[in-house]
Novice: 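I have a structure I would like to understand better, so I am pasting it below and will then ask my questions one at a time.
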Amino acid sequence: MLDVQRGDLVAAVVGSGTMGRGIVQVLAQCGVRTLVFDAKTGAGQAAKDSIAQALGKLAEKGRLKPSDVTAALGRIEVVGALEALSPAHLVVEAIIEQLEPKRELFRALEAVVREDCILASNTSSLSITAMAAACRKPGRVAGYHYFNPVPVMKVVEVIAGELTEPWVVEALAALAKRYGHTPVRCKDTPGFVVNHAGRGYIPEALRVLVEGVADFATIDRILVDAAGFRLGPFGLMDLVGLDVNQSVHKSLFEQYFQEPKYRPSYLLEPRVAAGLLGRKSGRGWYVYGKDGTAEKVPEQPVPLEKASNVWVASNAPALRELLSKLGATVESGAKPSADAICFVAPLGQDATTTALQLSIDPARTVAVDPIFGFAKRRTLMTTPVTRPETRDAAHALLASDDVHVSVIHDSSGFVAQRVVAHIVNVGCDIVQQRVASPADLDAAVMLGLGYPRGPLAMGDAIGAAKMLTVLEAMHSFYQDPRYRPSPWLKRRARLGVSLLTPE
Ligand SMILES: NC(=O)c1ccc[n+]([C@@H]2O[C@H](COP(=O)([O-])OP(=O)(O)OC[C@H]3O[C@@H](n4cnc5c(N)ncnc54)[C@H](O)[C@@H]3O)[C@@H](O)[C@H]2O)c1
């Protein structure tokens with residue numbers, strides 16, 4: 001096994017574009033002599049210059065000592081030929097994202113480097129095994145997938161191909177710790193961990209939009225305020241680029257042989273064709289001003305007349321308490337009186353199904369999402385026949401303590417329940433398929449996608465049994481295999497144990 005702590009460790013980075021220069025920076029900063037090669041003349045030096053600039057800025061802000069900047073830059077050696085990489089103990093490639101050039105590079109490197117030199121690829125989407133197959137010694141090849149910008153995104157996926165030797169994975173993981181990144185070990189599967197887990201959030205939000213449940217800004221607000229995401233799915237699409245999003249969605253869906261859980265939305269294609277790419281084109285879902293800020297989409301106006309007489313389904317004590325605190329007269333009977341507005345709080349079911357099951361009048365029924373608390377935003381859902389005056393009175397009542405209310409059309413799982421349930425379900429499949437360990441999955445998603453919790457901890461916070469109820473209700477309503485619960489979730493929910501329980 002390579003001792004990555006050794007003082008004379010030599011690394012090499014091939015390809016010094018956006019990613020390569022970030023990788024060079026973290027290696028050099030942690031004390032590793034780093035050789036840099038780029039096929040384009042001058043590109044290696046340009047990368048070193050930009051690293052010097054970045055480190056200089058850090059020193060100006062007092063976050064680095066000037067002597068550390070000098071030392072780090074002194075460890076970076078730009079070389080003019082692949083042959084100069086012969087002293088390397090490991091080579092990380094960050095060249096163009098195409099299989100054949102990467103295979104060719106590894107083949108050429110094998111003729112240059114030592115017999116036990118690790119060959120690692122920063123590919124986001126190509127098979128590590130297919131790259132290794134071009135090598136004499138495929139056991140030394142692994143994936144080493146960083147995120148942009150490398151010095152800021154402190155996670156790296158360490159990917160084992162079919163023939164990767166365990167010591168290679170261990171050495172790369174130990175090296176990641178040396179420069180302060182969290183290594184996440186995973187199998188060579190499409191999307192690895194982070195891009196695979198990312199199939200939950202945006203695609204399900206697009207489904208909600210396609211169904212006409214709510215507009216994009218309402219969906220974003222619910223997921224930020226109620227479910228606690230830093231950025232709504234539509235704001236996130238604008239940041240990453242709708243074109244980039246669509247191509248990742250399509251590629252993952254095809255690589256998983258059209259698994260319905262990963263089905264992309266037809267909504268993005270025409271928007272991409274129209275040039276609505278997101279922040280980079282000035283308009284995506286939101287419209288951006290010259291200074292890059294999004295134009296505000298106004299909140300739904302709050303009606304004046306609030307409900308006074310309400311009935312609340314018996315399984316919703318927290319909602320009953322809230323409405324009573326807001327000044328409503330809450331009926332105590334098992335059935336509503338003739339003029340009461342009926343409040344229900346289903347898990348996974350829509351308002352229509354719930355009203356029919358409880359034998360209450362769907363025209364007087366509204367539903368409130370009970371899962372995410374009522375503190376920051378409340379989601380109010382109608383049946384297709386809920387009277388507008390009933391909806392407005394319920395809205396006014398719910399907003400009467402100045403908490404925002406989002407009014408949506410009927411949806412099995414409201415907005416937040418179904419999006420979170422889908423994220424949890426996709427996460428459960430990832431660990432069920434042994435792509436990564438439960439702890440590694442959650443760490444990767446928090447660090448790589450910036451979610452408030454990993455998918456498994458997210459499910460645990462709500463309760464695995466509740467998550468299963470939501471998914472089963474959605475599955476039964478939509479009859480879509482997309483929502484079939486993962487075996488990992490089913491077993492842990494039935495056993496009453498944490499979703500992080502490994503086996
Ligand atoms: N940009 C990202 O956000 C991101 C994130 C994770 C992974 N990746 C992956 O990292 C790799 C590099 O991406 P990037 O965004 O840095 O690309 P880039 O275009 O910014 O840089 C690629 C560099 O590689 C050089 N190059 C191309 N072919 C070469 C060869 N055969 N030998 C030596 N140098 C060669 C180019 O001259 C260029 O400087 C790709 O595999 C990409 O999928 C990118």
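Owing to the predicted nature of the structure, the values given are computational and were not obtained by experimental measurement. Counting starts at 1 for both ligands and their atoms, following the listed order.
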Novice: Closer than 4.0 angstrom, basic N to acidic O: yes or no for R199 and E259?
Specialist: no

Novice: With a sphere of 6.0 Å drawn around NZ of K154, does it hold more than 12 non-hydrogen atoms of other residues, nucleotides or ligands?
Specialist: yes

Novice: So, using salt bridge (Lys or Arg N to Asp or Glu O under 4.0 Å) as the criterion, who are the partners of D116 when residues are at least two apart?
Specialist: R114

Novice: Ion pair present between E115 and K137, side-chain N to carboxylate O less than 4.0 angstrom?
Specialist: yes

Novice: Who passes side-chain contact (heavy atoms from CB on, under 4.5 Å) against P138, sequence neighbours left out?
Specialist: A132, L163

Novice: Checking F253 now: which residues fulfil ring-ring contact (aromatic ring centres under 6.0 Å, His included) with it, not counting sequence neighbours?
Specialist: none

Novice: Which protein residues have a heavy atom closer than 4.0 Å to any atom of ligand 1, listed by chain and number?
Specialist: V14, G15, G17, T18, M19, D38, A39, K40, A94, I95, I96, E97, K102, N122, T123, S124, H145, Y146, N148

